[in-house]
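What follows is one structure encoded as structure tokens, with my remarks underneath.
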Amino acid sequence: MSVIPPLDLTQQFQTISAEVNEAVLTVLASGQYINGPRVQQFEQAFAAYIGTSEAIACNSGTDALYLALRAYDIGAGDEVITTPFTFIASAETISQAQATPVFVDIDPATFNLDLAQVEAAITPRTRAIIPVHLFGQPVDMTRLMAIAQAHNLIVIEDSAQAAGAEWNGQRVGSIGQVGCFSFFPTKNLGACGDGGAVTTSDPAIAARIRALREHGSRTRYYHDEIGLTSRLDAVQAAILQVKLRYLETWNEQRRAIAARYTELLRPIPGVIPPLPIPGGKPVWHQYTIRLSPLPAGTVGGEYRDRVRQSMQQQGVSSMIYYPLPLHLQKVYEPLGYGPGSFPITEQLCHEVLSLPMFPELTPEQQERVVYALKDSLNPQG
Ligand SMILES: *Cc1c(COP(=O)(O)O)cnc(C)c1O
């Protein structure tokens, strides 16, 4: 019996290998490997897709976030509000910029920022909010933008997991002042290496980011400020240009898979399937369930890990995003949070399980996943 992996990049590559190979070979023969027309073409196509006037490609989603913060001069003494239930980069880049991450708890129904608590966390030092569209589920951007505007705050959308997701018909990454994307291979739009982009419709911010990603230089060998070197290479741009044409189809396939999972899981007690919020069109970067309520006599975390192990023994892989929230990470001890600071986040870290999710996943495989899950839920089993 073959193992069902959490995702399978080789299968997707096979479906587009002829186009990708040709695009890569064209770049290799061109002799232009960094910047140049390929990168510009991809930037324009990506901006058009997201719905902004510009996209600035860079080396990673992490750099995209850092560049955005720097472009707004967010730094020492400033506070930036974000979620503790995310990948480290959402907060790490705030720290890299010398500002202070301020965490607020999440809404258990969406895994995203609890917007009532966002408003309560705003202080005179707050400069920006980084909402994370976690697992491809959009944040309620209407409400978030209203809060930001009322307090004159910048909104930097961490859209790393949400390329193509929509809020009220607008793509995420086009609603805040800037959007930040990752093209890490496992993301919905993934390169064959590292890559990222910032999207914005503010030409001055776009120009600042272009300078910052090129050693703080607007004219070659003339440097106005300390920047970094964070570019997308032409080979990755060529690959992404091909893959961008398939993104809508792949996201549709993910939506169909998510709907089928939800249908299969709904009747199973002890499992809470993730549901889209009204107004949101998710892209299901992950399909993450909660194992809740816990069976009597079991401990959160341990129970989930046992279920996961039992599924693995039946040939079904799953993942835990994320086992430890950011406010309890060693690196963030100095911020002074502790166990109990964000109870919903802490509870969910013990309950979540991400099931296999990739566009090529078949209905038969999904049935095997759900069968293995069901079979593993019995605490005695
Ligand atoms: C992947 C990811 C990032 C960082 O992207 P990289 O390209 O890996 O640097 C940032 N935020 C979130 C939510 C992510 O999932």
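As the structure lists them, so they are numbered: ligands from 1, and atoms in each ligand from 1.
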Below 6.0 angstrom between ring centroids: does that apply to Tyr337 and Phe342? yes

Do me a favour and list the nearest non-hydrogen protein atom to atom 14 (C) of ligand 1 with residue, atom name and distance? Lys187 NZ, 3.2 Å

Aromatic ring centroids of Phe111 and Tyr321 under 6.0 Å? no

Select one of side chain, backbone, both or neither to describe which atoms of Thr86 lie under 4.0 Å from any atom of ligand 1, heavy atoms only. side chain

Give me the nearest non-hydrogen protein atom to atom 11 (N) of ligand 1 as residue plus atom name, then the distance to 0.1 Å. Asp158 OD2, 2.8 Å

side-chain contact (heavy atoms from CB on, under 4.5 Å) for Arg213 and Val198? Distances and angles first, verdict last. CA-CA 11 Å; Arg213 75 167 176 186; Val198 185; over 6 Å; no

Looking at ligand 1, does His133 have a heavy atom less than 4.0 Å from it? no

Ser60 and ligand 1 - part of the residue with a heavy-atom distance under 4.0 Å: both

Distance check, rounded to the nearest 0.5 Å: Ile289 atom CD1 versus Tyr261 atom OH? 9.0 Å

Under a heavy-atom criterion of less than 4.0 Å, does Val132 contact ligand 1? yes

Would you say Ile156 and Cys180 make side-chain contact, with heavy atoms under 4.5 Å? yes

Test of ring centre spacing under 6.0 Å for Phe184 and Phe87: no

Does the side chain of Thr200 come under 3.5 Å of the side chain of Thr52 through a donor N or O and an acceptor N or O? no

Can you report which non-hydrogen protein atom sits closest to atom 9 (O) of ligand 1, along with the distance? Thr62 OG1, 2.5 Å

Contact check: Ala160 vs ligand 1, nitrogen or oxygen atoms, below 3.5 angstrom: no

For atom 15 (O) of ligand 1, the protein heavy atom that lies nearest, with its residue and separation: Gln161 NE2, 2.8 Å

Counting each atom of ligand 1 from 1 as listed, which ones have a heavy atom of Ala89 under 4.0 Å away? 4 (C), 10 (C)

